[in-house]
Amino acid sequence: MSETTQLEAPVFAEASPSVLHQLNLCNRRLERLLHNLRNEHNAEAEIRDIGRDVIRAVEINPDVALACIFLSQINGTYAVRHCIETAVVTVVIAHSMDLKPATILTVTAAALTMNVGMLRHHEGFQNKHTPLSREEMAIVHRHPEESADMLRDVGIDDDDWISCVLMHHENDEGSGYPAGIASPEVTLNAKLLSFADRYCAQVSARNYRKSILPSLALRNLIEDKQAPVDPHLADCFRRELGEFPPGCLVRLGGGEIGVVSRRQGCSRGLQVHYLRDAAGTLLSPALPRCLDDGPLAISEGLSEDQASTRFSMKQIWGAQASL
């Protein structure tokens, strides 16, 4: 193997805990808790505990945690799964920003609860094949306030947590909702949650549309003139996720099809596991290779339909991606 394709030693071991299993457990716990939130007597402690487990899962292997999003491996209803996925992205970016552990936990808790005020409506909205009515749009615009009110009702009085939930749809220039406030009132933590929320909404499949490729989703958000994003956060998302995050299906310069498996898998950058060779032959096992600027470079991202390849995450990431 040439120097440009030499693989570094993997950072995971077969005995490591499963990131995928941990995130699915968090999803099931969160679903039960949110649907019964008003009857919970220890809601804050429960939510923070789930938040800690999400953070631990990301810290075990952030590449696997991200891949769970792009390969749609987190089970459950979209409404709750979206909160877990947003929390994962929030944790990855928060670590890159060197935020304090207490702050990371607070923003993670906010991600897990940001839509609780709309939870009973969310699945109905997902199943609609027509635009939302005026009354339904009013529910959407009220949900940050209703979510914050529900959290206060169950005894959560953390101002940073509540403010993130209240402001996760506000924009720098005042075009957001529910209050239409602008920077500097919109906090950095709320901006982080907003960016992660909008990003995950685009890259996740819905009942009424397919997922958007990560490269296009990132470009849509960064170039959105109606809701401009914080330049510092945009830089963090470019650096940490890039156009081809782990779990992204890709076509290589030589025609091979693969899945991005590690962001820093090689001294020169991304690692990809080849799934099909240039002739379209399925490779078993999938072959890990480092990318370079030649034939091994990525030529484009692919949807699942375009890749026409099925595989389990465990085949690529081992025990850390077992169910």
Side-chain angles (χ1 to χ4, degrees), residues 1-14 16 18-21 23-24 61-75 85 88 199-200 202-206 209-219 240-323:
M1 190 175 290
S2 68
E3 183 177 350
T4 59
T5 60
Q6 184 64 45
L7 297 177
E8 295 176 0
V11 297
F12 51 85
E14 285 297 313
S16 299
S18 171
V19 174
L20 173 57
H21 182 66
L23 290 176
N24 275 318
N61 193 323
D63 291 337
V64 176
L66 289 170
C68 291
I69 299 172
F70 300 107
L71 296 174
S72 300
Q73 292 296 300
I74 299 174
N75 295 325
E85 293 173 347
V88 167
Y199 180 80
C200 288
Q202 293 206 28
V203 300
S204 293
R206 311 285 190 91
R209 68 156 173 81
K210 296 181 179 180
S211 59
I212 295 173
L213 290 176
S215 56
L216 179 58
L218 190 58
R219 187 159 63 250
E240 293 301 315
L241 301 182
E243 292 189 337
F244 306 108
C248 183
L249 296 164
V250 294
R251 191 187 311 279
L252 283 299
E256 303 88 349
I257 289 176
V259 58
V260 177
S261 48
R262 294 172 67 193
R263 292 170 297 162
Q264 302 297 327
C266 314
S267 59
R268 299 186 63 174
L270 297 177
Q271 175 182 301
V272 169
H273 271 67
Y274 283 34
L275 303 170
R276 292 186 182 274
D277 65 19
T281 303
L282 189 66
L283 301 175
S284 183
L287 302 176
R289 299 291 294 275
C290 292
L291 300 189
D292 59 21
D293 296 325
L296 298 183
I298 293 173
S299 63
E300 62 176 335
L302 300 173
S303 67
E304 286 191 17
D305 289 343
Q306 290 173 315
S308 188
T309 301
R310 296 291 181 265
F311 60 95
S312 73
M313 287 186 63
K314 188 175 181 181
Q315 289 176 261
I316 309 299
W317 290 278
Q320 288 187 341
S322 59
L323 291 171

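Quick caveat: nothing in here was measured; it's all calculated off a predicted structure.
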S.K.: Asn24 side chain to Asn75 main-chain N or O, any donor-acceptor pair under 3.5 Å?
M.R.: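 Yes, because the side chain of Asn24 sits within donor-acceptor range (under 3.5 Å) of the backbone of Asn75.
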S.K.: Check the pair Leu252, Leu291 against side chain to side chain contact (heavy atoms under 4.5 Å, CB included), reporting the backbone distance first and the verdict last.
M.R.: CA-CA 9 Å; Leu252 283 299; Leu291 300 189; 3.7 Å; yes
S.K.: Is there a donor-acceptor pair closer than 3.5 Å between any side-chain N or O of Ser322 and the backbone N or O of Ser18?
M.R.: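 Looks like no, no N/O pair under 3.5 Å.
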S.K.: Out of curiosity, Arg219 CZ to Gln202 CD, how far, rounded to the nearest 0.5 Å?
M.R.: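 Spacing of CZ (Arg219) from CD (Gln202) equals 11.0 Å.
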S.K.: Please tabulate, one pair per line, all N/O donor-acceptor pairs under 3.5 Å involving side-chain atoms of residues 296-303, not counting sequence neighbours.
M.R.:
from   : atom 1 : to     : atom 2 : distance (Å)
Ser299 : OG     : Arg251 : O      : 3.0
Glu300 : OE2    : Arg251 : NE     : 2.8
Ser303 : OG     : Gln306 : N      : 3.1
Ser303 : OG     : Gln306 : OE1    : 3.4

S.K.: Please identify each residue that fulfils side chain to side chain contact (heavy atoms under 4.5 Å, CB included) with Ser308, with sequence neighbours left out.
M.R.: none
S.K.: Please give me the minimum heavy-atom distance between Gly242 and Pro245, naming the atom from each residue.
M.R.: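 Smallest heavy-atom distance, with atoms named: O-CD, 4.0 Å.
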S.K.: How many angstroms lie between CG in Leu71 and OG in Ser211, if you round to the nearest 0.5 Å?
M.R.: 10.0 Å
S.K.: Do other residues, nucleotides or ligands put more than 12 heavy atoms under 6.0 Å from the CG atom of Leu323?
M.R.: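 No, not enclosed.
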S.K.: If you look at every heavy atom in Val259 and Leu249, which pair is closest and at what distance?
M.R.: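 That closest heavy-atom pairing would be CB-CD2, 4.0 Å.
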S.K.: Taking Asp277's backbone N and O only, do any of them form a donor-acceptor pair with Thr281's side chain (distance below 3.5 Å, no angle check)?
M.R.: no
S.K.: Given the rule in the side chain to side chain contact (heavy atoms under 4.5 Å, CB included) test, do Phe244 and Val272 qualify, once you have shown the distances and angles that lead to the verdict?
M.R.: CA-CA 10 Å; Phe244 306 108; Val272 169; over 6 Å; no
S.K.: Can you name the closest pair of heavy atoms from Leu20 and Cys68 and give their distance?
M.R.: CD1-SG, 3.7 Å
S.K.: Quick check: do Phe70 and Pro246 have side-chain heavy atoms less than 4.5 Å from each other?
M.R.: no
S.K.: Can you measure from CD (Gln271) to CZ (Arg289) and round to the nearest 0.5 angstrom?
M.R.: 11.0 Å
S.K.: Return the NE2 to CZ distance between His273 and Arg262, rounded to the nearest 0.5 Å.
M.R.: 9.0 Å
S.K.: Compare every heavy atom of Glu85 with every heavy atom of Ile69, then report the nearest pair and how far apart it is.
M.R.: CD1-O, 3.5 Å
S.K.: Where is the tightest heavy-atom contact between Ala67 and Met313, given as atom of each residue plus distance?
M.R.: CB-CE, 3.8 Å
S.K.: Please give me the minimum heavy-atom distance between Pro214 and Glu243, naming the atom from each residue.
M.R.: CB-O, 3.8 Å
S.K.: Under the salt bridge (Lys or Arg N to Asp or Glu O under 4.0 Å) test, which residues partner Glu240, sequence neighbours left out?
M.R.: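 Here the qualifying residues are Arg263.
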S.K.: Is there side-chain contact between Trp317 and Val19, with heavy atoms separated by less than 4.5 Å?
M.R.: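 No, too far: nothing below the 4.5 Å cut-off.
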S.K.: Got a second to check how far Gln264's CD is from Leu270's CG, nearest 0.5 Å?
M.R.: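 Answer rounded to 0.5 Å: 7.5 Å.
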S.K.: Using a 4.5 Å cut-off on heavy atoms from C-beta on, say whether the side chain of Val203 contacts that of Leu218.
M.R.: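 The answer is no; the side chains never approach within 4.5 Å.
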